[in-house]
Amino acid sequence: MKNSQTSTPSDFIRTIINKDLASGRHKKIIVRFPPEPNGFLHIGHAKSSTLNFGLASEYGGRCHLRFDDTNPETEDQSYVDAIKNDLRWLGFDWGEHEYYASDYFETLYEWACILINKGLAYVDDSHENVIRLTRGTVTTPGVHSRFRDRSPEENFELFQAMREGEFADGACVLRAKIDMAHPNMKMRDPLMYRIRHTTHYRHGDQWCIYPFYDWAHGQSDAIESVTHSICTLEFSTNRILYDWYLDALDINPRPRQYEFARLNLDYNITSKRQLIALVQEHVVDGWSDPRMPTLAGLRRRGIRSKAIRSFCQSVGTTRVDSTHDPVLLDHFIREDLNHLAPRIHCVQDPLPVTLTNWPENHVEKLTASYWPHEIPKEGTRELPISRELLIERKDFSETPSKGFRRLTPNGIVRLRQGYIIRCTSVEKDGQGHIIRLLCEYIDGTLSGENTSSLKPQGTIHWVDAIHSLPVIVRVYDRLLSDTSIDEDLWTSLNPISLVEHRHARIEPSVADDLSDQRYQFVRLGYYWRDPESMDQSSTPIFNCIVPLRDSSHKSTSDHSNEIKQTPKKIESSTPQRTLTTLEKQWLQRSGLPRSTGLAIYAVDGAIEFFQAAASSAPRVSVSNWMANHLLPALNERKLSDLPFGPYQFAELIQLADNEVGTAHEIRMVLKLMFDSNVPPAQLLSDLQDSMIDDPEIIKPLISDVLNEFSDRVTAYANGKVGLIGFFVGQVIKRVDGNVNPKQIQELVSEELARITS
RNA sequence: UGCCCUGUAGCUCAAUUGGCAGAGCGCCUGGCUCUGGACCAGGAGGUUUCAGGUUCGAAUCCUGGCGGGGCAACCA
């Protein structure tokens, strides 16, 4: 079996953590999983919790479970319990680190008072609608509230009165005083507290003011000493506020927020609102309906948490919006169950078969293995067979299409773990429907004791008509008939997302098995007893966990010659953005090409720097080196903070232009200049002294490389020209970069030409 | 139309930070098999969104274009 998660995952979050650990910013990482207890966890939460709990165990840190329960109107203890249950089922352990944002209300209140004191927060009596309207739009600034300039003393008194219940719901709010014209809407005096005279499931009527998400979340992270606060992408615009609050409170060291893409599944619904609608309209059988993407639903379908964890790990962590194909989940479910589920027989849609040459009333008890040969497990069960059998209706065809590998009139087929049979006759009712097959079994063909040389068309599953047990089998399909909802939820629903086989029959061996036993129904899929209808019905109900892969379409399919589309080249002169007058003037004045000109224009002080440098070195070279090397290397630094000025930079450029140094060397010198004030010419000559340029030294190195990678030399000779870069890179690596790549490139080319000619 | 994020195989992700464009799933072919499963072997599939630029060398750096997503709740 292939193991798809042997390699440790690498993603941008782990890269950040590695860096933080290496730099000593953190000795130990603390992350958190912060659900709001207002609904059930779904597959998306599985991704988030797998990430967070996974990070904690990988890095020997810890992951807190924190209930983000700051809105008393929607939250409830029953959700807390359900969430904890789901997380434990997923296999996560938070030990004693179970926290509630609502337990921090007192601290949050005190911190709000600090902001009021600093003049950074104010009580606003404006009506809800007024606040919304005066916030402005993404393109127009907002307007200051007329309560914005209340004194800290007045604000403090009002805020205390808010807490003490002196105002009705909605009478006023506490807002942070930031910037009503900020380009990020979240910074336009965001709300911190609202008044709600509602009973909180955890704190009763102790509070009537409740903090908003932004005011509660970062501060809760800080209280718990969280180092990396990982949330989904839609919160990225909140990050600036997250940081602003922590700055305002002088919290240090402080948590940092990182965002990743939430998990979307094709053919599924992930919106909480729509999931509620399905439950309320009884389209599904509650939150745990096996078609639901909730953890409760997946669990009831019979999927084990291991499969879900594998799936979540395999989808990775990125910042790219993406939707996943559920076939990937299916794959991990099958991989998990393959070695776990004994093979048994169940006929979902029975067609009676009479073995005409089988003695009446004779019953034979076959001993049948639970496992196919390649699974190293032992175990058998008794499989009764008599004159009357049942096979799958789909396993017989009077008019078989090409490639049909099952029973046909006069054809032979093997009853799995039993005899080979031949169909001799077909019985039909008045309407022409097949109601029974008459077959003959062939003596001497019993599984394992076959003495015949017959080659059956295929192997089919079956059960004995008398000894088998009646069961109801539920087979689930996708909730949506298309990958996503188009326009309306109700018309997008898959009408056959549930097929119930009410007349299915199963072999008798399962009668006393444990209720959580999972089986593979041979040739159908993986199944288990529906845990929620265990005693309601005398007829056991089985859920299909996942069907087997089905490649029956392969042999009959005929789309082998699909049209290969030739990529079209769209030729068009790319439109360019219209420049501001100042930009135009600058380009005209400098005579620089658009791209380099704009790069220089965009950086503070770069124009002056350029003009000064260009007075003693060629303009084009100066602009190229600035735009492509100097300015990008600046990062956070400013031009004025560098240990060198434009004239030294110009000296460097001249060294390049006069070919005193190669482009490669000049780049290395530039890097050195960022941390030294030695003149460029000096740096260059020092560097060149340490460079290896003697062909007699280099050539043997090249031969070594080409010998070591002789297979790649062959590939190169066969046309894989791109390998030249690989060879050059290898040589450079061996001398720690102290060579001129251009020279190496030339020498390697010569050598390759010599070898391969 | 402001700010932020984001484009690599059909899908989801890698690419040692400027040096061979790879993996898993899916698909196809063959092998094996008493499961049209599993397993084994192989294959197809790429102008790295596009156009320029810098470089011996660009998925990676620079400029611009095009596309996708998020933000204007007294929700989180």
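Letters go in sequence order (proteins before strands), and every chain restarts at 1.
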Base, sugar-phosphate, or nothing: which does A/His373 touch, judged by heavy atoms less than 4.0 Å apart? sugar-phosphate
Using a 4.0 Å heavy-atom cut-off, does A/Ile732 contact any base of the nucleic acid, only the sugar-phosphate backbone, or nothing at all? base
Closest to the side chain of A/Thr318, out of B/rC74, B/rU12, B/rA14, is B/rA14
If we take the C1' atom in both B/rU12 and B/rG26, what is their distance in whole Å? 11 Å
Please state whether the base of B/rU6 and the side chain of A/Arg319 form at least one donor-acceptor pair under 3.5 Å? no
When the C1' atoms of B/rA14 and B/rG46 are compared, how many Å lie between them, rounded to an integer? 15 Å
When you compare B/rG42 with B/rC25, how far apart are their P atoms, in angstrom units rounded to a whole number? 14 Å
Syn if the chi torsion is within 90° of 0, anti otherwise; quick check, which is B/rU17? syn
Nearest-angstrom distance, C1' atom, B/rG18 to B/rG57: 8 Å
Side-chain N or O of A/His331 versus OP1/OP2 of B/rC25: is the shortest distance under 4.0 Å? yes
Counting distance alone, no hydrogens or angles: does the base of B/rG70 have a donor or acceptor under 3.5 Å from a partner atom on the side chain of A/Glu259? no
At 4.0 Å (heavy atoms only), tell me whether A/Ser749 reaches a base, stays on the sugar-phosphate, or touches nothing. nothing
Of the listed B/rU35, B/rC74, B/rG36, the closest approach to the A/Asp550 side chain comes from B/rG36
Quick one: which of B/rU55, B/rU12, B/rG7 gets closest to the side chain of A/Ala663? B/rU55
Which part of the nucleic acid does A/Ser236 contact within heavy-atom distance under 4.0 Å: base, sugar-phosphate only, or nothing? nothing
Taking the same atom, P, in B/rC74 and in B/rA15, what whole-Å distance lies between them? 41 Å
In terms of side-chain heavy atoms of A/Asn71, which of B/rA76, B/rG37, B/rA72 is nearest? B/rA76
Classify the nucleic acid contact of A/Gln730 as base, sugar-phosphate or nothing, counting any heavy atom under 4.0 Å across all strands shown. nothing
Starting at the 5' end of RNA chain B, which residue's closest nucleotide do you reach first, A/Leu598 or A/Lys720? A/Lys720
Can you measure from NE2 (A/His339) to CD (A/Gln520) and round to the nearest 0.5 angstrom? 11.0 Å
When all nucleic acid strands are considered with a 4.0 Å heavy-atom cut-off, which category describes A/Arg416: base, sugar-phosphate, or nothing? base
Which of B/rC3, B/rG37, B/rC56 is nearest the side chain of A/Arg343? It is B/rG37
Can you check whether A/Phe235 and A/Tyr213 have ring centres sitting under 6.0 Å from each other? yes
When we call it a touch if two heavy atoms are under 4.0 Å apart, what does A/Glu128 touch: a base, just sugar-phosphate, or nothing? base
Going by distance alone, is a donor N or O of one side chain under 3.5 Å from an acceptor N or O of the other, for A/Ser397 and A/Arg406? no
For the NZ atom on A/Lys671, are there more than 12 heavy atoms of other groups (residues, nucleotides or ligands in this structure) within a distance under 6.0 Å? no
Classify the nucleic acid contact of A/Val138 as base, sugar-phosphate or nothing, counting any heavy atom under 4.0 Å across all strands shown. base
With a 4.0 Å cut-off on heavy atoms, is A/Thr662 in touch with a base, just the backbone sugar-phosphate, or nothing at all? nothing
Under-4.0 Å side-chain N/O to phosphate OP1/OP2 contact, A/Ser10 with B/rA15: yes
Can you find a donor-acceptor pair, distance only, under 3.5 Å between A/Asn184 side chain and B/rG2 base? no
Please state whether the base of B/rU33 and the side chain of A/Glu374 form at least one donor-acceptor pair under 3.5 Å? no
Where the side chain of A/Arg196 is concerned, which of B/rG26, B/rG7, B/rC75 is the nearest nucleotide? B/rC75
Give one of base, sugar-phosphate or nothing for A/Gly316, where a contact means two heavy atoms less than 4.0 Å apart. nothing
How would you label the contact of A/Arg132 with the nucleic acid (heavy atoms, under 4.0 Å): base, sugar-phosphate, or nothing? sugar-phosphate
Watson-Crick or G-U wobble mate for B/rC66, both contacts under 3.5 Å: B/rG7
Write down the distance separating the C1' atoms in B/rG45 and B/rA23, rounded off to the nearest Å. 14 Å
Could you tell me the Watson-Crick or G-U partner of B/rG2, where both distances fall under 3.5 Å? Say none if there is no partner. B/rC71
A/Gln417 near the nucleic acid: base, sugar-phosphate alone, or nothing, with a heavy-atom cut-off under 4.0 Å? base
Between the base of B/rG36 and the side chain of A/Arg406, is there a donor and acceptor pair under 3.5 angstrom? yes
Whole Å only: how far is the CZ atom of A/Phe311 from the P atom of B/rG26? 13 Å
Which sits closer to the 5' end of RNA chain B, A/Val173 or A/Leu415, going by the nucleotide each is nearest to? A/Leu415
Determine, for A/Glu708 against A/Arg734, whether the closest basic-nitrogen to carboxylate-oxygen distance falls under 4.0 angstrom. yes
Closest of B/rA76, B/rA72, B/rC62 to the A/Asn628 side chain is B/rC62
Does A/Gln743 use its side chain to pair, donor to acceptor, with the backbone of A/Asp693 at less than 3.5 Å? yes
Given B/rG36, is OP1 or OP2 found less than 4.0 Å from the side-chain N or O atoms of A/Arg549? no
Assess the side chains of A/Arg343 and A/His461: does a donor N or O sit below 3.5 Å from an acceptor N or O? no
For atom C1', what is the distance between B/rG67 and B/rU48, given to the nearest Å? 16 Å
Checking all strands, does A/Val728 fall into the base, sugar-phosphate, or nothing category for heavy-atom contacts under 4.0 angstrom? base
Rounded to whole Å, CG of A/Asn238 lies from P of B/rC5 at a distance of 14 Å
Is the Lys NZ or Arg CZ of A/Arg334 less than 6.0 Å from the centre of A/Tyr526's six-membered ring, within 45° of the axis? no
Under 3.5 Å donor-acceptor pair, A/Arg667 side-chain atoms to B/rG57 base atoms: yes
Does A/Thr70 have a side-chain nitrogen or oxygen under 4.0 Å from the phosphate oxygens OP1 or OP2 of B/rA76? yes
If you only use heavy atoms from C-beta on, which nucleotide in B/rG2, B/rG68, B/rC74 is closest to the side chain of A/Thr139? B/rG2
Closest to side chain of A/Tyr213, choosing from B/rA76, B/rG2, B/rG37: B/rA76
Can you tell which of B/rG36, B/rG2, B/rC13 lies closest to the side chain of A/Ser322? B/rC13
Take atom C1' in B/rA59 and the same atom in B/rA9, then report the distance between them in whole Å. 14 Å
Pair A/Tyr519 + A/Tyr527: ring centers closer than 6.0 Å: no
Between A/Asp214 (CG) and B/rA72 (P), how many Å, whole number? 11 Å
Base, sugar-phosphate alone, or nothing: which one does A/His629 contact when heavy atoms must sit under 4.0 Å apart? sugar-phosphate
